[in-house]
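Worth knowing before you read on, the calculation uses all heavy atoms, side chains too, and leaves out hydrogens, waters and symmetry mates. Letters A, B, ... are given to chains in the order of the sequence lines, protein chains preceding strands, and every chain is numbered from 1.
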Number of protein chains: 2
Amino acid sequence: MSHTFYDGQEKLLVATDCIIFGFDDNTIKLLLFERKVDPLAGEWSLIGSFVRAKEDASHAAARVLEEYTGLQNVYMEELGCFGEAGRDPGARVLSIAYSALIRIGEYDVDLVERHGAKWFDYDQIPSLVLDHNKMVDIAIQKLRRKAKYQPLGFALLPEKFTIPQLQILYECIYQRPLDKRNFRRKILSMNILEKLDEKDKLGSKKGAFLYKFDPEKYHSLAQKGILFEI
Amino acid sequence: MSHTFYDGQEKLLVATDCIIFGFDDNTIKLLLFERKVDPLAGEWSLIGSFVRAKEDASHAAARVLEEYTGLQNVYMEELGCFGEAGRDPGARVLSIAYSALIRIGEYDVDLVERHGAKWFDYDQIPSLVLDHNKMVDIAIQKLRRKAKYQPLGFALLPEKFTIPQLQILYECIYQRPLDKRNFRRKILSMNILEKLDEKDKLGSKKGAFLYKFDPEKYHSLAQKGILFEI
DNA sequence: CCAAAAGTGTTATCGCTACACCCATGA
DNA sequence: TCATGGGTGTAGCGATAACACTTTTGG
């Protein structure tokens, strides 16, 4: 292919930015980083990375997530393209935003600290560089919307969790209290949880049964398209 | 800014591809084009364009849509990023896919023909270049899902339309028959249609009343977040 | 006058919501 | 023994789904 219509076309810097959600202390949190490079060094920012010429875009997002948190195989989802010509005053950079759900407690604390990161409550996000606040807003909206139709949120909890913990998570996402009887009935009726014999005694004296998420049943359900309004 | 961390990063070709939906003859159709350039010249393809250095990504999509159909201000929506390194054998091209809903009958027929375009029933899409079939599949899935929660589909009908026409459109999208009494009740209860005094007598002897879509009421509803299962 | 599509109400069922009390246990 | 959170059932209501006949009119 000596010369093709590709020749002479303008190329762009392409980045990924990653909105990292976690759940701890009964609140949803976002992991933000202090930007190290000029312009805007020292300000809060999402983590991002340029997409390399021989790298899938999604790989760039996963690569930087691992670099900053030590985590692999994280649940990530594309949020969309931020492609305005003037969005980055430093250069023309098109960015693909991804959102990731991680289990707080599984990431590499040292590594994260070394990168100048901090968890923020998701209703107390500081001012971020570029259009990152817009990305975060869209990610939160999407999380809320999606939670209605898919039992995500499992990606935010530890492997074993109790029904009350799961309920608190959903209450955070929806920002409203849920009835515990209805919640329990609804979740259990989906048949995607496996009840364990252990109890978690940290949350109460009586102790609550631990459950784990049955990936097989979940996937078969997810493919049929779930209706999951809580 | 003499040198920044942007310097020395690899740049990519970035394209947009556009899935164009139309509704005619009681079926949903897609507008496809014969690819003019090598590699793969002569095969069916979506229309696309490279994003220029000083151009918003969404603008590139709108620009090429206008160039090929003559239409401006079309309802377009981002579908997602297709960013695998090997997706285009000719070069490393990252593509942002957009889907557009247009009113068949409003586009510039000559212009479209000159570009070697043809409408295809959406369940009879031919083999397309690169990963365009995958883009089309995702676009169709998304159209179905979205139609449940937002009264789009209005963008596919002429300005004035009848309830039975609207119902046929939804039957196409869902691929199943709907009860006309329930459909009419549901649609009218949303209060986003304005009944006109005219009738459309083409579809039947009796004639069906024409309606038009009340943009004001629609937008106020759309912002609250609609629940629109039919 | 008849074929063909438009238009119209009612009933049964299902799913969601709201709601209050007992249980188990550690301190 | 008591304070704390875990766990359970039911009744009312609203939304959905199923269903058949009358109306209009061009040919």
I want to confirm an ordering. Mapping A/D179 and A/T162 to their closest nucleotides on DNA chain D, which one lands closer to the 5' end? A/T162
Over 60° means perpendicular and under 30° means parallel, so classify the ring planes of B/H115 and B/F33, tilted if in between. perpendicular
In whole angstroms, the gap separating P of C/dT25 from CG of A/L202 amounts to 16 Å
Donor-acceptor side-chain pairing of B/S95 and B/D17 below 3.5 angstrom: yes
To the nearest angstrom, how far is A/F209 atom CZ from C/dA24 atom P? 10 Å
Is A/R181 close enough to D/dG7 that one of its side-chain N or O atoms is under 4.0 Å from OP1 or OP2 there? no
Picking from C/dC19, D/dA20, D/dG6, the nucleotide nearest the side-chain atoms of A/N182 would be C/dC19
Counting only distance, no hydrogens or angles, is the base of D/dG7 paired donor-acceptor with the side chain of A/K180 under 3.5 Å? yes
Of the listed C/dA6, D/dG9, C/dA4, the closest approach to the A/R185 side chain comes from D/dG9
Within the 3.5 Å criterion, strictly below it, is a donor on A/Q175 or A/Y122 matched to an acceptor on the partner's side chain? yes
Using the side-chain heavy atoms of B/R184, tell me which of these nucleotides is nearest: C/dA6, D/dG6, C/dC19. C/dA6
Check the distance between D/dG5's P and A/Q165's CD and give it to me in whole angstrom. 14 Å
How long is the line joining CG of A/D200 and P of D/dT4, in whole Å? 18 Å
Look at the side chain of B/K206 and decide which nucleotide, out of D/dG7, D/dG9, C/dA6, has an atom nearest to it. C/dA6
Classify the ring geometry between A/W44 and A/F120 as parallel (under 30°), tilted (30 to 60°) or perpendicular (over 60°). perpendicular
Using a 4.0 Å heavy-atom cut-off across all strands, classify A/K201 as base, sugar-phosphate, or nothing. sugar-phosphate
Whole-Å distance between C/dA6 P and B/K195 NZ? 13 Å
When rounded to whole Å, the NZ to C1' distance for the pair A/K199 and D/dT4 reads 14 Å
Separation of A/N26 atom CG from D/dG5 atom P, in whole Å? 11 Å
To the nearest angstrom, the NZ-P distance between A/K205 and D/dG5 comes to 8 Å
Value rounded to 0.5 Å, distance of CG in A/D131 from CG in A/L46: 9.0 Å
Taking 4.0 Å as the cut-off, does a side-chain nitrogen or oxygen of A/K186 come that near to OP1 or OP2 on C/dC16? yes
